[in-house]
Amino acid sequence: MDAATDAFVSHRNLLFTIAYEMLGSAADAEDVLQETWLRWAGVDHGTVENHRAYLVRIVTRQALGRLRTLGRRKESYVGSWLPEPLLTTPDVAEDVELADSVSMAMMLVLETLTPTERAVFVLREVFDVDYDEIATALDKNPAAVRQIAHRARSHVAARRPREVVTQAASREALAAFRRATETGDLQALLDLLAPDVVFLGDGGGVKQAVPRPVVGSSKVARMLLGGMLKVTGWTMEPAQVNGYPALIVRFGGELDTVLAVRVEDGLISGLYAVRNPAKLSHMTEETTLRR
């Protein structure tokens with residue numbers, strides 16, 4: 001069991017990353033890791049040639065089952081559902097492809113895939129798992145997996161940001177956003193928002209949040225400034241969330257909201273505010289992600 005434990009521990013961050021990208025929920029990803037360990041502990045490890053591949057296979061199957069259950073839970077979720085934000089380590093930002101794959105904007109695109117498409121896309125495009133291994137994990141033939149991968153890539157390409165935004169561009173946009181909201185400068189905020197910007201708020205029925213997406217720079221800007229002017233005692237601070245710069249909003253010193261953005265052509269085209277307390281537990285310490 002010592003060798004089995006060492007193998008699991010050495011690949012744990014990779015397994016968590018796979019599960020999180022498939023589920024969009026850190027809490028569910030942790031549960032999947034526990035299930036993966038229980039199954040791994042019962043394997044005859046002497047028959048396993050590639051520990052990494054075998055563990056990836058287990059975590060994929062467990063995450064896929066959990067993803068289907070999660071889909072049913074989302075159907076009864078109050079308001080907009082957003083991925084659970086992670087306070088990520090600095091090295092995640094240095095891996096451009098990894099940071100892009102876990103960004104809030106990309107995680108929302110992955111939400112539009114079917115469970116099987118999401119599994120195939122994540123394993124192939126993010127972790128470069130070969131088609132034969134994906135086929136084994138999903139109990140499908142490689143030809144079918146290739147077709148699913150092609151369909152998923154086309155779907156994602158039509159919805160993802162046109163370009164990978166640099167860390168510097170994201171920081172610059174967020175700094176300007178913070179100045180505009182802190183000073184109540186409506187025009188500065190309007191100049192920063194894309195005309196068709198979308199604001200999504202996730203309170204989970206526990207915290208107040210907009211019940212449906214707010215679309216358009218004027219509506220979003222006036223909603224933000226109107227809401228912030230009504231309340232005192234709030235502060236904003238920069239943080240590294242899901243591989244990209246974001247803002248943490250505190251009320252009375254307590255964590256209240258994680259605000260992530262999607263930036264395109266220098267303008268903010270998406271604002272994602274997570275307020276549901278159940279989704280903020282991974283904002284107290286950094287999470288290490290690996291490919």
Side-chain angles (χ1 to χ4, degrees), residues 24-25 74 76-87 103-109 111 161 165 169-242 244-284:
S25 164
K74 290 173 189 173
S76 59
Y77 195 80
V78 178
S80 299
W81 186 95
L82 290 173
E84 188 174 338
L86 299 177
L87 190 66
S103 68
M104 193 67 73
M106 186 59 182
M107 294 292 284
L108 283 171
V109 172
E111 283 295 314
V165 180
S170 294
R171 279 194 296 271
E172 184 178 341
L174 274 172
F177 175 87
R178 184 180 177 185
R179 287 193 300 271
T181 51
E182 287 179 340
T183 59
D185 190 334
L186 176 60
Q187 190 56 54
L189 189 54
L190 287 170
D191 291 342
L192 183 61
L193 300 177
D196 57 350
V197 61
V198 178
F199 179 95
L200 296 175
D202 181 345
V206 180
K207 287 289 191 76
Q208 184 178 357
V210 292
R212 58 188 62 87
V214 179
V215 182
S217 56
S218 180
K219 289 182 180 180
V220 171
R222 295 178 191 281
M223 176 200 67
L224 285 170
L225 293 186
M228 289 179 166
L229 288 174
K230 292 179 183 177
V231 182
T232 58
W234 61 269
T235 60
M236 283 186 180
E237 61 189 57
Q240 199 75 8
V241 176
N242 285 55
Y244 273 93
L247 292 171
I248 291 177
V249 181
R250 298 184 186 276
F251 281 102
E254 297 295 323
L255 173 62
D256 181 88
T257 305
V258 172
L259 186 66
V261 298
R262 170 173 172 165
V263 178
E264 296 181 88
D265 299 324
L267 299 176
I268 295 176
S269 61
L271 283 158
Y272 316 114
V274 183
R275 299 196 70 204
N276 185 349
K279 292 187 176 184
L280 301 179
S281 61
H282 280 72
M283 291 300 298
T284 57

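None of the values given here were measured: they were computed from a predicted structure.
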Task: Derivation of the side-chain contact (heavy atoms from CB on, under 4.5 Å) call for K207 and D256 - done: CA-CA 9 Å; K207 287 289 191 76; D256 181 88; 3.2 Å; yes
Task: Atom of A180, atom of L189 and distance for their closest heavy-atom approach - done: CB-N, 3.9 Å
TODO: Quick one: pull up CG in L186 and CG in D191 and give me the separation to the nearest 0.5 Å.
DONE: 9.5 Å
TODO: Scan R275, M236, E237 and name whichever one has a side chain to side chain contact (heavy atoms under 4.5 Å, CB included) with V249.
DONE: M236
Task: Interatomic spacing from CZ in R222 to OG in S217 - rounded to 0.5 Å - done: 9.5 Å
Open item on the list: Please find the pair of heavy atoms, one from A173 and one from L192, that lie closest to each other, and give the distance.
Closed with: O-CD2, 3.5 Å
Open item on the list: To the nearest 0.5 Å, what is the distance between CG on L225 and OG1 on T181?
Closed with: 7.0 Å
Task: pair E84-V274: side-chain heavy atoms closer than 4.5 Å - done: no
- [ ] Might you confirm whether atom CD of Q208 has over 12 heavy atoms from other residues, nucleotides or ligands at distances under 6.0 Å?
- [x] no
Open item on the list: V241 vs M283, test: side-chain contact (heavy atoms from CB on, under 4.5 Å). Steps then yes/no.
Closed with: CA-CA 8 Å; V241 176; M283 291 300 298; 3.7 Å; yes
- [ ] Report yes if the side chains of Q240 and P245 come closer than 4.5 Å at any heavy-atom pair, otherwise no.
- [x] yes
Task: Pairing residues for V220 by the side chain to side chain contact (heavy atoms under 4.5 Å, CB included) criterion, not counting sequence neighbours - done: L193, V197, F199, V214, L224, L271
Open item on the list: Is it the case that over 12 heavy atoms from other parts of the model lie below 6.0 angstrom from the NZ atom of K74?
Closed with: yes
Task: Over all atoms of both residues, closest heavy-atom pair of P213 and L200 - done: CG-CD2, 3.3 Å
- [ ] Given side chain to side chain donor-acceptor pair (under 3.5 Å), test Y77 with N276 step by step and report yes or no.
- [x] CA-CA 11 Å; Y77 195 80; N276 185 349; 2.8 Å; yes
Task: Minimum heavy-atom distance between G24 and M107, given as atom pair plus value - done: CA-CE, 3.5 Å
Task: Minimum heavy-atom distance between V215 and K219, given as atom pair plus value - done: O-CD, 3.5 Å
Task: Beyond-backbone contact of F177 with L259, side-chain heavy atoms, under 4.5 angstrom - done: yes
TODO: Give, for atom OG1 of T257 and atom CG of L247, the distance between the pair rounded to the nearest 0.5 Å.
DONE: 11.0 Å
- [ ] I would like to know whether T183 and R179 meet side chain to side chain donor-acceptor pair (under 3.5 Å); could you show each step before the answer?
- [x] CA-CA 6 Å; T183 59; R179 287 193 300 271; over 6 Å; no
- [ ] Could you tell me whether the side chain of D202 and the main chain of W81 form a donor-acceptor pair under 3.5 Å?
- [x] no
Open item on the list: Any heavy-atom pair between the side chains of V263 and E172 that's under 4.5 Å?
Closed with: no
Task: side chain to side chain contact (heavy atoms under 4.5 Å, CB included) partners of E254, counting only residues at least two apart - done: none
Task: Test item: Y272 and V261 side chains (from C-beta on) under 4.5 Å apart, heavy atoms - done: no
Open item on the list: In the structure I gave you, are the side-chain heavy atoms of P238 and R171 within less than 4.5 Å of one another anywhere?
Closed with: no
- [ ] Check A273 against L82 and note the closest heavy-atom contact, atom names and distance.
- [x] O-CD1, 3.6 Å
